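Some notes on the structure that comes next.
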Amino acid sequence: MKHALSVTRDQDFAAWYQAVIAEADLAEESGVRGCMVIRPWGYGIWERMQRLLDDAIKATGHENCYFPLFIPLSYFAKEAEHVEGFAKEMAVVTHHRLIADGKGGLVPDPDAKLEEPLVVRPTSETVIGAAFARWVQSWRDLPVLINQWANVVRWEMRTRMFLRTSEFLWQEGHTAHATAAEAREETLQMLEVYRRFAEDCVAMPVVAGEKPENERFPGAVETWSIEAMMGDGKALQAGTSHYLGTNFSAAQGIRFQSAEGQIELAQTTSWGMSTRMIGGMIMVHGDDDGLRVPPRVAPWQVVIVPLLRDGPEDEAIISYCKMLRNDLARQSACGEPVRALLDLKPVKATNKRWAWVKKGAPVVVEVGGRDIAAGAVTWLRRDRLYTDAGKLASSAQERGEFVSGVADLLADVQTALHGEARAKLDAGIRRDVTDMAGLEAHFAEGERFPGWVELPWAKPTGAALDSVVERLKALKLTIRNTPMGAEPVAGACFFTGEPAVERILVARAY
């Protein structure tokens, strides 16, 4: 079967991923290594994600704010473990002016060197911690619950659009609490917000759980994540929530007087989700014809393509399509008015149809003279593009029936995409690997979809954990997380032989 993309997932998954981004008009290279131009369709998806996640964050009592892009280097020096974790990725500003070099170029002015270097924000724990120290004096000032939408810079050595870029967009939440119990409750509450957002909005099934000690956020006491299985069986960390304890409050001086009159350190958390979620959506839902966007995060849920022939019928077709668009906009789907677009670009109708197929619009409607005569529309649902015989699965339907049924249609597309991805995740986790030879064989080179392996785990620390990490590194594997709600474990740890206390997921990852 011929598909819309020149490369398939089976042929070359990495090249397919790049082809989807290009052919779906999601993003393009910017001229700066690791930075991308996010095009309107890609940014529209991000705006939808941002809107839905922002509503969920605010519903839990958090308020949005904004902190500077530049952070004094001394702020990082106060928290040794944190600065060590990000040191190799920090972009640093050292001068505030350029001068001509006498050769037609520009160079930093030696007389404009900053008294203190400024780090371009890799994350904001340090600068927000300094603000919390000013804001919090008494137990009455707690909790502090804030979130910001911003861009961050982490100077990556190996980049891939949306998945790992030098600059990316995200939200980062930061909170301060009077007790460890409150802070841990906050950490898990926001992990659940992320899980629900991924599952309900992006139709991306995930496994929520705690990260092992070696995978913790620098300076955190506990790190929790949601992990998603991509179309090639690799794992993607799609969101994280961190319990920071008093590590940052001690470094930044976030102290308060308790109700009993004692001076105590605040307990803090941080949590974030980024444009990496778009990369995950591509690799979970994309197929050999391009992207498939779940209706809840699609900028346009229904795209109407008029079949124009530069003839006398065209005006009537356009009028019919405008009425259809207006009728659809009065309907509600997934809790919001239907987002319908009439595509009037001066492009051949078949080319427009395939452009929207590659972009992943959930439903594409085509209207021609025969449809008007029959009072009907012809439509395709992007998640089920072909019949069993390999032909386009277009459906003709009376216009009023289509309009009244569009909410159920879009809800079904959303559910179907999630169900398809859930089945793949459930089938892609093995639990019967019993030794290293079996683990190595399972992840042997050439296996296109190795999936993940769940193993019994004794939760080793220190040198014992380092040894496990090195053994896995040799196989290009990492520990993803300890799944919440997993079946009770018995027997010995897969790696150490000590009594197992929990289960872990091992996988190759992005």
Side-chain angles (χ1 to χ4, degrees), residues 1-8 16 19-26 39-42 44-45 282 285-295 297-311 313-329 333 338-399 402-403 405-406 409-410 412-413 416-417:
M1 184 188 299
K2 186 177 180 180
H3 291 280
L5 299 183
S6 60
V7 60
T8 67
W16 166 85
V20 173
I21 291 173
E23 294 293 323
D25 292 335
L26 294 173
R39 301 186 64 178
W41 184 246
I45 293 170
I282 295 168
H285 297 308
D287 63 16
D288 293 335
D289 291 291
L291 185 56
R292 298 187 299 172
V293 184
V297 294
W300 299 112
Q301 296 166 317
V302 181
V303 176
I304 304 166
V305 177
L307 304 178
L308 305 178
R309 301 181 183 278
D310 295 324
E313 282 187 325
D314 285 3
E315 186 175 338
I317 292 172
I318 291 173
S319 178
Y320 187 90
C321 289
K322 286 180 177 178
M323 287 189 290
L324 174 61
R325 178 195 59 194
N326 294 340
D327 289 345
L328 288 169
V338 171
R339 296 182 294 280
L341 171 72
L342 172 56
D343 187 347
L344 291 175
K345 293 190 192 75
V347 177
K348 189 176 178 181
T350 54
N351 292 341
K352 284 197 281 191
R353 175 218 292 160
W354 283 106
W356 286 110
V357 164
K358 288 186 282 189
K359 287 184 176 184
V363 178
V364 179
V365 175
E366 294 180 309
V367 176
R370 292 181 181 178
D371 295 295
I372 294 178
V377 297
T378 302
W379 53 272
L380 292 164
R381 56 183 284 175
R382 180 61 185 85
D383 64 314
R384 297 175 185 170
L385 197 57
Y386 300 104
T387 66
D388 292 340
K391 297 184 179 293
L392 280 178
S394 58
S395 300
Q397 191 173 12
E398 192 272 327
R399 179 178 131 184
F402 174 75
V403 170
V406 73
L409 173 60
L410 291 170
D412 192 57
V413 173
L417 285 172

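What you see is a predicted model, and the numbers here were worked out from it, not measured in a lab. Start at 1 with the first residue, then count along the sequence.
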Residue pair [X] / [Y]: nearest heavy atoms and the distance that separates them:
X      : Y      : answer
Ala24  : Trp41  : O-CD1, 3.5 Å
Pro362 : Val413 : CB-CG1, 4.5 Å
Gly369 : Ile317 : N-CD1, 3.8 Å
Val367 : Cys321 : CB-SG, 3.6 Å
Ala416 : Asp383 : CB-OD2, 3.5 Å
Ala333 : Val338 : CB-CG2, 3.8 Å

Out of curiosity, [X] [atom1] to [Y] [atom2], how far, rounded to the nearest 0.5 Å?
X      : Y      : atom1 : atom2 : value
Leu385 : Asp288 : CG    : CG    : 11.0 Å
Asp289 : Tyr386 : CG    : OH    : 3.5 Å
Arg353 : Leu392 : CZ    : CG    : 5.5 Å
Leu342 : Tyr320 : CG    : OH    : 13.0 Å
Arg309 : Lys348 : CZ    : NZ    : 10.0 Å
Ile304 : Leu344 : CD1   : CG    : 9.5 Å

Does [X] use its side chain to pair, donor to acceptor, with the backbone of [Y] at less than 3.5 Å?
X      : Y      : answer
Gln301 : Pro295 : yes
Lys352 : Asp343 : yes
Asp371 : Gly368 : yes
Trp300 : Val363 : no
Arg292 : His285 : yes

Does [X] reach the side chain of [Y], with side-chain heavy atoms less than 4.5 Å apart?
X      : Y      : result
Leu409 : Phe402 : yes
Ile45  : Leu26  : yes
Trp356 : Val365 : no
Val357 : Arg382 : yes
Ile372 : Glu313 : no
Pro40  : Asp25  : no
Val403 : Val377 : no
Asp412 : Arg381 : yes

Practice task
Step by step, work out the side-chain contact (heavy atoms from CB on, under 4.5 Å) result for Asp327 and Arg399.
Solution key: CA-CA 10 Å; Asp327 289 345; Arg399 179 178 131 184; 3.0 Å; yes
